[in-house]
Amino acid sequence: MQSSAVFLIEFGCLILGLGLLGRFAGRFRFSPIPLYLLAGLAFGEGGLLPLGASEDFVAVGAEIGVILLLLMLGLEYTATDLVSHLRTHYPAGLVDAVLNALPGAVLAVLLGWGPVAAVVLAGVTWVSSSGVIAKILGDLGRLGNRETPAVLSILVLEDLSMAVYLPIVTALLAGVSLAAGGVTLAIAVGVLTLVLVLAVRFGRLVSRFVSSDDPEKLLLVVLGVTLVVAGVAQQLQVSAAVGAFLVGIALSGEVAEGATSLLAPLRDLFAAVFFVFFGLHTDPASIPPVLLPALALAAVTTATKIATGYWAARRAGIGPRGRWRAGGTLVARGEFSIVIAGLAVTSGIEPSLGPLATAYVLILVLLGPLTARWTEPLATRLTGRSRRRGAPVPPGAHEALDDQDTAGRT
């Protein structure tokens, strides 16, 4: 009875603290993710007040948080949209993968962490934060800008790529053989292809089976199906997160909209717990030794993300200002980077990888809103100065300024 009371008090204080941190972040219009990570650092080993009674429950809640994050991500897309983006924008996705995964892999090799850690850190630096970027676009009033579809296309391709990447990482971290890893990857690709085909052709039937006019029944069925599929996927070494993502893709129409509104509060709660859980497993004393590599990696991948967005927007026919805005918007990293790093921390492949990922995400989730706002004005000013000094005219500078905030809306 005493331990139960301690658990309720401890976990209640944790949730209350997260709510206050979220309110604080909302008041200043920035992502609460860094505050949740800092809260985890404060309550973990080596922190100010380590958790005791509620740590096991937080671990389970964190796993549910990852599943809900990926489920909600899948609910945002239809299978038709994903297939269309894959066919049309795959060159931008390839450029994004090469430019942004390579720095993480190279740093891991230079630090002597080995090939598995290199694959993990490549994923950490590759994927932008869909949640943070969506909030940035809304706050800056850019959802209707001409460059926004190019930004969203890259995010969609990254999300879809995770359905293949996560099973690879899971197999590598489990230490399976090359043959077993190939089987796991083949299963993941096969399941992804099957789900896309079924969702395109029979999506209405699947949604009709899950659908219910009673919100309570809809919530229970969607959540239950998601957890079962996630568990089966994890048994197959495909990753529970991928299973949840595929469930989200399979649902569409009114069912997807209803499930999104019902699950959003649960997602927010357990996602916050997940970020705290990651921080709990990171000793604050382990961050200063990796701070310099994290800063260097953040600087390099800020430049590569800006280059990615610029190239993708240029390919889409957007003018210079829109290209810079697209690049600056893509800088923020967040939930996916922590999910990938969390897999590595759980497996224990490299003790310094978790602290490095924590510092890296903290830097870029704070820097992302700034680059989104200021990359285009700074680039415009610098290129304007170079033209006044007689420098060669940059490519695309002769285009009409139809991509400004007002004229560039659809």
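Heavy-atom basis, side chains included; hydrogens, waters and symmetry copies ignored.
Applying the salt bridge (charged side-chain N to carboxylate O under 4.0 Å, His left out) test to pairs two or more places apart or on separate chains, none has a residue in residues 103-113. Sorted by first and then second residue, the salt bridge (charged side-chain N to carboxylate O under 4.0 Å, His left out) pairs involving residues 99-111 (not counting sequence neighbours) form an empty list. Pairs passing the ring-ring contact (aromatic ring centres under 6.0 Å, His included) check and including a residue from residues 324-347, sequence neighbours excluded, read Tyr310-Trp324. Sorted by first and then second residue, the side chain to side chain donor-acceptor pair (under 3.5 Å) pairs with a member in residues 256-279 form an empty list; sequence neighbours excluded. Applying the ring-ring contact (aromatic ring centres under 6.0 Å, His included) rule to pairs touching residues 134-163 yields nothing, sequence neighbours excluded.
With hydrogens and angles ignored, the 3.5 Å screen pairs a side-chain donor or acceptor of Thr125 with a backbone N or O of Ala122. Between the side chain of Asp214 and the main chain of Glu216, a donor-acceptor pair closer than 3.5 Å is present. Judged purely by atom type and a 3.5 angstrom limit, Thr148 has no side-chain atom pairing as donor or acceptor with the backbone of Gly144. The backbone N or O of Ala372 sits less than 3.5 Å from a side-chain atom of Arg142, completing a donor-acceptor pair.
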Open item on the list: Run the side chain to side chain contact (heavy atoms under 4.5 Å, CB included) test on Thr301 and Arg333 for me, step by step, so that the C-alpha distance in whole Å, both residues' side-chain angles and the decisive distance to 0.1 Å come before the verdict.
Closed with: CA-CA 10 Å; Thr301 54; Arg333 308 311 200 271; 3.3 Å; yes
Open item on the list: The test is side chain to side chain contact (heavy atoms under 4.5 Å, CB included); show your working for Val127 and Val339 and say whether it passes.
Closed with: CA-CA 11 Å; Val127 186; Val339 168; over 6 Å; no
Open item on the list: Does Leu94 form a side chain to side chain contact (heavy atoms under 4.5 Å, CB included) with Tyr90? I'd like the steps, not just the answer.
Closed with: CA-CA 6 Å; Leu94 293 176; Tyr90 73 89; 4.1 Å; yes
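The minimum heavy-atom distance between Ala341 and Ala357, with the atom names listed, is CB-CB, 3.5 Å. In terms of heavy atoms, Arg315 sits closest to Pro91 at NH2-CG, 3.4 Å. Of all the heavy atoms in Ile349 and Leu353, the pair that sits closest is CD1-CD1, 4.3 Å. Scanning both residues, Gly322 and Ile318, for their nearest heavy atoms gives CA-CG2, 3.7 Å.
For Val109, the side chain to side chain contact (heavy atoms under 4.5 Å, CB included) criterion is met by Ala118, not counting sequence neighbours. Partners of Ser129 by side chain to side chain donor-acceptor pair (under 3.5 Å), not counting sequence neighbours, listed by chain and number: Glu335. Residues satisfying the side chain to side chain contact (heavy atoms under 4.5 Å, CB included) criterion with Ile363, sequence neighbours excluded, are Ala294, Leu295, Ala298. The salt bridge (Lys or Arg N to Asp or Glu O under 4.0 Å) check on Glu63 picks up nothing, with sequence neighbours excluded. Here Ser352 pairs with Trp113, Val290, Glu350 under the side chain to side chain contact (heavy atoms under 4.5 Å, CB included) rule; sequence neighbours left out. For Thr302, the side chain to side chain contact (heavy atoms under 4.5 Å, CB included) partners two or more places apart in sequence, or in a different chain, are Ile306, Val331, Leu364, Leu367, Thr371.
Side-chain contact check for Ser153 versus Thr88: every heavy-atom pair is 4.5 Å or farther apart. Looking only at side-chain heavy atoms (C-beta outward), Pro34 and Leu362 come within less than 4.5 Å of each other. At least one side-chain heavy atom of Leu155 sits under 4.5 Å from a side-chain heavy atom of Leu152. Inter-residue side-chain proximity for Ile340 and Tyr165 is flagged as met; some heavy-atom pair is nearer than 4.5 Å. Phe245 places none of its side-chain heavy atoms less than 4.5 Å from the side chain of Met162.
Put simply, CG on Leu75 and OG1 on Thr226 are 7.5 Å apart, with the number rounded to the nearest 0.5 Å. Interatomic distance, Trp311 CH2 to Ile154 CD1, rounded to the nearest 0.5 Å: 9.0 Å. Note that the CG atom of Leu166 and the OG atom of Ser161 stand 10.5 Å from one another [nearest 0.5 Å]. In this structure, Leu71 CG and Leu246 CG are separated by 10.5 Å, a value rounded to the nearest 0.5 Å.
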Determine all donor-acceptor pairs shorter than 3.5 Å in which one atom belongs to a side chain in residues 97-107; sequence neighbours excluded.
| unit_1 | atom_1 | unit_2 | atom_2 | d |
| --- | --- | --- | --- | --- |
| Asn100 | OD1 | Thr304 | OG1 | 2.7 |
| Asn100 | OD1 | Lys305 | N | 3.2 |
| Asn100 | ND2 | Asp96 | O | 2.9 |
| Asn100 | ND2 | Asp96 | OD1 | 2.8 |
| Asn100 | ND2 | Thr308 | OG1 | 3.1 |

